Amino acid sequence: MKIATWNVNSVRARLPRVVDWIESRQPDVLCLQEIKCLDEQFPREVFEDLGYRVATFGQKTYNGVAILSKQNIEDVFRGLPGETQDAHKRVIGAQIGDTLLLNLYVVNGERVGSDKYAFKMQWMQRVADFVRERYDMKEKVVLCGDFNVTFDDRDVYDPEAWREKILCSTEERKALAKIQEAGLTDAFRHFNQEGGHYTWWDFRTRGFERGQGLRIDHFLMSQAALAATKGIEIDKRARGGEKPSDHAPVVADLE
DNA sequence: ATGGTGGGTTCCCCA
């Protein structure tokens, strides 16, 4: 079973690219982040015609997450416990087969020390609490999405330039480790120890053209899920070409 | 120290 995660930076703007990618890669599950539309604006039929079930948690203009799956999507939940109607739409979870899937779009945080950064820290703590309470790590648990945090300097093209900057600060990395504490492993790193593998490149600095990226899109897996995983691949090719997202898709290949 | 580009909305926000 191929599970993919992709921050598409607007599903409507990216629709031709997403459809092309699905047709060539045929993932069984595709978790989308930053769909940037309401549920009723989501191009559901396009994906249904490609053979997918669709579960969305949309928001106008910002954020929004969705799960596409060839198999039944069961026990869908949207958001974190206790959230009000106006909360950011950043979380959708479900069971697909025997896999417990959680698709996340972590808060960006703007700048270390900003209000948005404080909100990011708070939000990540809530995710950590939720994950610990909700999941039995003896199950096949797969968290994926745009985590907006690098694990270490291997995930950063210029570690000195990014030292203690947003996406790379020690505090953010500790918050990410807290989410993992329940028993979740960085699946990409399990298979590949080298640095220089990135999932996001800034539009503004022409980062992709310069080879300047960060690895911020991740799969966090329980031991049972990791044991079933044959490999993880970043599809860097999808970051090139016409009207790309600023993120590349990441694909986990499970038994 | 700042800005760059791209997506979506509305005279600007977010990444």
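Note on naming: letters A, B, ... go to the chains in the order of the sequence lines (proteins, then strands), and numbering restarts at 1 for each one. Note that the coordinates shown come from a computational prediction; the quantities given were computed from them, not determined experimentally.
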### Among dG6(B), dA15(B), dC13(B), the nucleotide that comes nearest once only the side chain of Glu34(A) is considered
dA15(B)

### Query
Which residues, if any, of residues 107-123 of chain A bring a heavy atom under 4.0 Å of DNA chain B?
Asn108(A), Lys116(A)

### Query
Within this structure, what is the CD1-to-P distance between Ile35(A) and dA15(B), rounded to whole angstrom?
16 Å

### Query
Think Arg215(A) forms a cation-pi with Tyr198(A), using NZ or CZ under 6.0 Å from the six-ring centre and within 45 degrees of its axis?
no

### Spacing of the P atoms in dC11(B) and dA1(B) (rounded, Å)
32 Å

### Query
Angle class for the Trp200(A)/Trp162(A) ring planes (parallel below 30°, perpendicular above 60°, tilted otherwise)?
perpendicular

### Query
Counting only heavy atoms not in Arg163(A), do more than 12 sit closer than 6.0 Å to its CZ atom?
yes

### Task
Could you check whether Arg210(A) gets within reach of a base, just the sugar-phosphate, or nothing at all, counting any heavy atom under 4.0 Å?
nothing

#### Entry: Nearest-angstrom distance from the residue atom CG of Asn7(A) to P of dG7(B)
12 Å

### Query
Taking atom P of dA15(B) as reference, at what distance in whole Å does atom CZ of Arg14(A) sit?
16 Å

### Message
Nearest to the Arg12(A) side chain among dT9(B), dG6(B), dA15(B), which nucleotide is it?
### Response
dT9(B)

### Task
Please say whether more than 12 non-hydrogen atoms of neighbouring residues, nucleotides or ligands are located less than 6.0 Å from CG in Asp115(A).
no

### Task
Find the distance Phe147(A):CZ to dA15(B):C1' and express it as a whole number of Å.
18 Å

### Query
Which part of the nucleic acid, if any, lies within contact of Phe208(A), taking any heavy atom under 4.0 Å across all strands shown: a base, the sugar-phosphate backbone alone, or nothing?
nothing

### Task
Would you indicate what Thr61(A) reaches in the nucleic acid, counting non-hydrogen atoms under 4.0 angstrom: base, sugar-phosphate, or nothing?
sugar-phosphate

#### Entry: Rounded distance in Å - OH (Tyr62(A)) to C1' (dC14(B))
5 Å

### Task
Can you sort out the partners of Asp20(A) under side chain to side chain contact (heavy atoms under 4.5 Å, CB included), two or more places apart, ordered by chain and number?
Glu23(A)

### Summary
Winner on side-chain proximity to Tyr105(A), out of dG4(B), dA15(B), dC13(B), is dA15(B)

### Summary
Winner on side-chain proximity to Lys60(A), out of dA15(B), dT9(B), dG4(B), is dT9(B)

### Task
Give a yes-or-no answer on whether the side chains of Asn9(A) and Ser245(A) include a donor-acceptor pair shorter than 3.5 Å.
no

### Message
According to ring pair (Phe, Tyr, Trp, His ring centres under 6.0 Å), who are the partners of Phe77(A), at least two apart in sequence or on a separate chain?
### Response
Phe130(A)

## Note on the structure
Between NZ of Lys243(A) and C1' of dT5(B) the distance, given in whole Å, is 12 Å

### Message
Nearest to the side chain of Arg206(A), heavy atoms from C-beta on, is which of dG7(B), dT5(B), dA15(B)?
### Response
dT5(B)

### Message
Would you measure the distance from the P atom in dA15(B) across to the matching atom in dT9(B) and give it in whole Å?
### Response
15 Å

### Task
Determine the Euclidean distance between corresponding P atoms of dG4(B) and dT10(B); express it in Å to zero decimal places.
24 Å

### Query
So, His218(A) side chain and Val149(A) main chain: donor-acceptor pair closer than 3.5 Å or not?
yes

### Query
In whole angstrom, what separates Asp202(A)'s CG from dG6(B)'s P?
11 Å

### Task
Return the value, rounded to whole Å, for the distance between atom CD of Gln59(A) and atom P of dT9(B).
11 Å

### Task
On DNA chain B, check which nucleotide each of Asp146(A) and Pro244(A) is closest to and give me the residue with the more 5' one.
Pro244(A)

